[in-house]
Amino acid sequence: MSVAAVVTAAGSGSRLGADVPKALFPLAGRSLVAWAVLQVADACDDIVVTAPAAHVADVKAALAAVPELAGRPMLVIAGGAERQQSVAAAIDALFADDRTPPDIILVHDAARAFQDSDVTRAAIAAVRAGADGAIPVLEVVDTLVEATGPDGELGATVDRDGLRAVQTPQVFGAEMLHTAHRDFATARATDDAQLVRASGGKVVAVAGHESGFKVTRPSDLPLARHYATELLAKEQ
Ligand code: CTP
Ligand code: MG
């Protein structure tokens, strides 16, 4: 079964507040998007990356600068205004008339560039074994409370034992994901599993990893640099 990766990198990174889009932020000599693609490339036959419309050439250049990615089938396209639209554009590219669509699609956020590759492999294996989708999840460490009204007004404390935090890569049967994005294009979902489940797909959980945290704010950068440096050391 062929596997294609959709790596979403079209966001601006407003919370990171750097002078380049988040995907182009350099860590240990490679851009964030290059780290993300490298972490999933071995598990995939094809890769589509979504880039900010004004930075498609820059993202291509950032990926071309990594010799380890040379010769890999890779397409960089302009993303949409929201993440969901970026993913939809990438899926449409994979299902274009002049291509053979993949059997399985993995959707991964460039912002989760350091996700452990064992997590990716486990999610793909779950879909190969018959699930419509598989997503990495982690237990929630914070106490959670409902914020029912204006700041300062609190509702009930939520039982965190029954909750999980969701990461990427999220892996799906390609046809299922394509249909879900088409049928629920106007829904506003924060991940792809939500759309597939709304479509009637059965999505299972696999164990996530703390290295799959989402690089969001400047305070995330020291940890990101730590993982980048560690991965670089493993290559030598
Ligand atoms: N993304 C995308 N297209 C968009 C918005 C986001 O492909 N229109 C991607 C981002 O590049 C990122 C992932 O979706 O890899 C998760 O989004 P997030 O972490 O929120 O990144 P940004 O939207 O770039 O950051 P911010 O919300 O701080 O601006
Ligand atoms: Mg965002």
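Residue numbers count from 1 along this sequence.
Ile105 belongs to a hydrophobic cluster whose remaining members, ordered by chain and number, are Val6, Val48, Leu75, Ile77, Val87, Ile91, Leu94, Phe95, Val107, Ile135, Val137, Val166, Phe172, Met176, Leu177, Val196, Val203; membership requires side-chain heavy atoms of ILVMFWY residues under 4.5 Å apart, directly or through intermediates.
In this structure, Pro52 and Gly11 approach most closely via the heavy-atom pair CG-O, 3.8 Å. Residue Val215 comes nearest to Ala224 through the heavy atom pair CG2-CB, 4.0 Å, listed as atom of the first residue, atom of the second, then distance. Thr143 and Arg160 get closest at one heavy-atom pair: N-NH1, 3.5 Å. Ala36 and Val7 get closest at one heavy-atom pair: CB-CG1, 4.3 Å. Summarising the geometry of Ala51 relative to Val56, their closest heavy-atom pair is CB-CA, 3.9 Å, with the distance given to 0.1 Å. Shown here for Val204 and Ala126, the closest heavy-atom pair between the two residues is CG2-CB, 4.1 Å.
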Checklist entry - Does the salt bridge (charged side-chain N to carboxylate O under 4.0 Å, His left out) test come out yes or no for Asp42 and Arg72, once each step is laid out? => result CA-CA 10 Å; Asp42 283 346; Arg72 303 252 182 197; 2.7 Å; yes
Next on the checklist: With side-chain hydrogen bond (donor to acceptor under 3.5 Å, both in side chains) as the criterion, how do Ser2 and Asp45 come out once you've worked through the C-alpha distance, each side chain's angles and the decisive distance to 0.1 Å?
Outcome noted: CA-CA 6 Å; Ser2 62; Asp45 308 294; 4.8 Å; no
Item to check | Steps toward salt bridge (charged side-chain N to carboxylate O under 4.0 Å, His left out) verdict (Glu68, Arg30) | outcome: CA-CA 12 Å; Glu68 289 79 1; Arg30 288 175 184 149; 3.5 Å; yes
Checklist entry - Given the rule in the salt bridge (charged side-chain N to carboxylate O under 4.0 Å, His left out) test, do Asp220 and Lys214 qualify, once you have shown the distances and angles that lead to the verdict? => result CA-CA 8 Å; Asp220 294 324; Lys214 190 162 78 160; over 6 Å; no
Next on the checklist: If you apply the rule side chain to side chain contact (heavy atoms under 4.5 Å, CB included), what do you find for Val59 with Val49, and how did you get there?
Outcome noted: CA-CA 9 Å; Val59 168; Val49 180; 4.0 Å; yes
Next on the checklist: Run the side chain to side chain contact (heavy atoms under 4.5 Å, CB included) test on Val3 and Asp103 for me, step by step, so that the C-alpha distance in whole Å, both residues' side-chain angles and the decisive distance to 0.1 Å come before the verdict.
Outcome noted: CA-CA 6 Å; Val3 181; Asp103 300 304; over 6 Å; no
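A side-chain donor-acceptor contact under 3.5 Å links Asp116 to the backbone of Asp118. Side chain of Asp183 to main chain of Ala180: no donor-acceptor pair is present (N/O by atom type, distance under 3.5 Å, no hydrogens or angles). Gln39 places no side-chain N or O within donor-acceptor distance of the main-chain N or O of Trp35, the cut-off being under 3.5 Å. Looking at Asp159, its side chain does come within 3.5 Å of a backbone N or O of Asp161 through a donor-acceptor pair. Put simply, the side chain of Arg112 gets close to the backbone of Gly212: a donor and an acceptor are under 3.5 Å apart. Remark: side-chain polar atoms of Gln84 are paired, donor with acceptor, to backbone N or O of Phe184 under 3.5 angstrom. Although no hydrogens or angles enter the test, the distance criterion places a donor-acceptor pair under 3.5 Å between the side chain of Gln115 and the main chain of Thr168. Of the possible donor and acceptor atoms, one in the side chain of Gln170 sits under 3.5 Å from a partner among the backbone N and O of Ala193. Checked by atom type and distance alone, the side chain of Gln167 pairs as donor or acceptor with a backbone atom of His209 at under 3.5 Å.
No path of Ile, Leu, Val, Met, Phe, Trp and Tyr side chains, each step under 4.5 Å between heavy atoms, connects Ile104 with Val206, placing them in separate hydrophobic clusters. Phe25 and Leu232 end up in the same hydrophobic cluster when Ile, Leu, Val, Met, Phe, Trp and Tyr side chains are linked at under 4.5 Å. In terms of hydrophobic clustering, with Ile, Leu, Val, Met, Phe, Trp and Tyr side chains grouped at heavy-atom distances under 4.5 Å, Met1 and Ile47 are assigned to a common cluster. Note on Val76 and Val40: same hydrophobic cluster, where clusters join Ile, Leu, Val, Met, Phe, Trp and Tyr whose side-chain heavy atoms are under 4.5 Å apart, directly or indirectly. Under a hydrophobic-cluster definition in which Ile, Leu, Val, Met, Phe, Trp and Tyr are linked whenever side-chain heavy atoms come within less than 4.5 Å, directly or via other members, Val119 and Ile124 are assigned to different clusters.
Using a cutoff of 4.0 Å between basic side-chain nitrogens and carboxylate oxygens, Asp46 and Arg99 are scored as salt-bridged.
Of the residues Asp191, Thr50, Thr190, Asp192, the one that meets the side-chain hydrogen bond (donor to acceptor under 3.5 Å, both in side chains) test with Arg83 is Asp192.
A distance of 5.0 Å separates CZ in Arg188 from CD in Glu82, rounded to the nearest 0.5 Å. Thr179 OG1 to Arg182 CZ: the interatomic distance, rounded to the nearest 0.5 Å, is 5.0 Å. Between the OG atom of Ser31 and the CG atom of Leu63 there is a distance of 6.0 Å, given to the nearest 0.5 Å. A distance of 8.0 Å separates OG of Ser14 from NZ of Lys22, quoted to the nearest 0.5 Å. For the atom pair Leu38 CG and Leu69 CG, the distance stands at 4.5 Å (nearest 0.5 Å). Atom CG of Asp92 is separated from atom CD of Gln85 by 11.5 Å, given to the nearest 0.5 angstrom.
The shortest distance between side-chain heavy atoms of Ser12 and Pro21 does not fall below 4.5 Å.
Ring planes of Phe114 and Phe213: parallel class, angle under 30° (limits at 30 and 60°).
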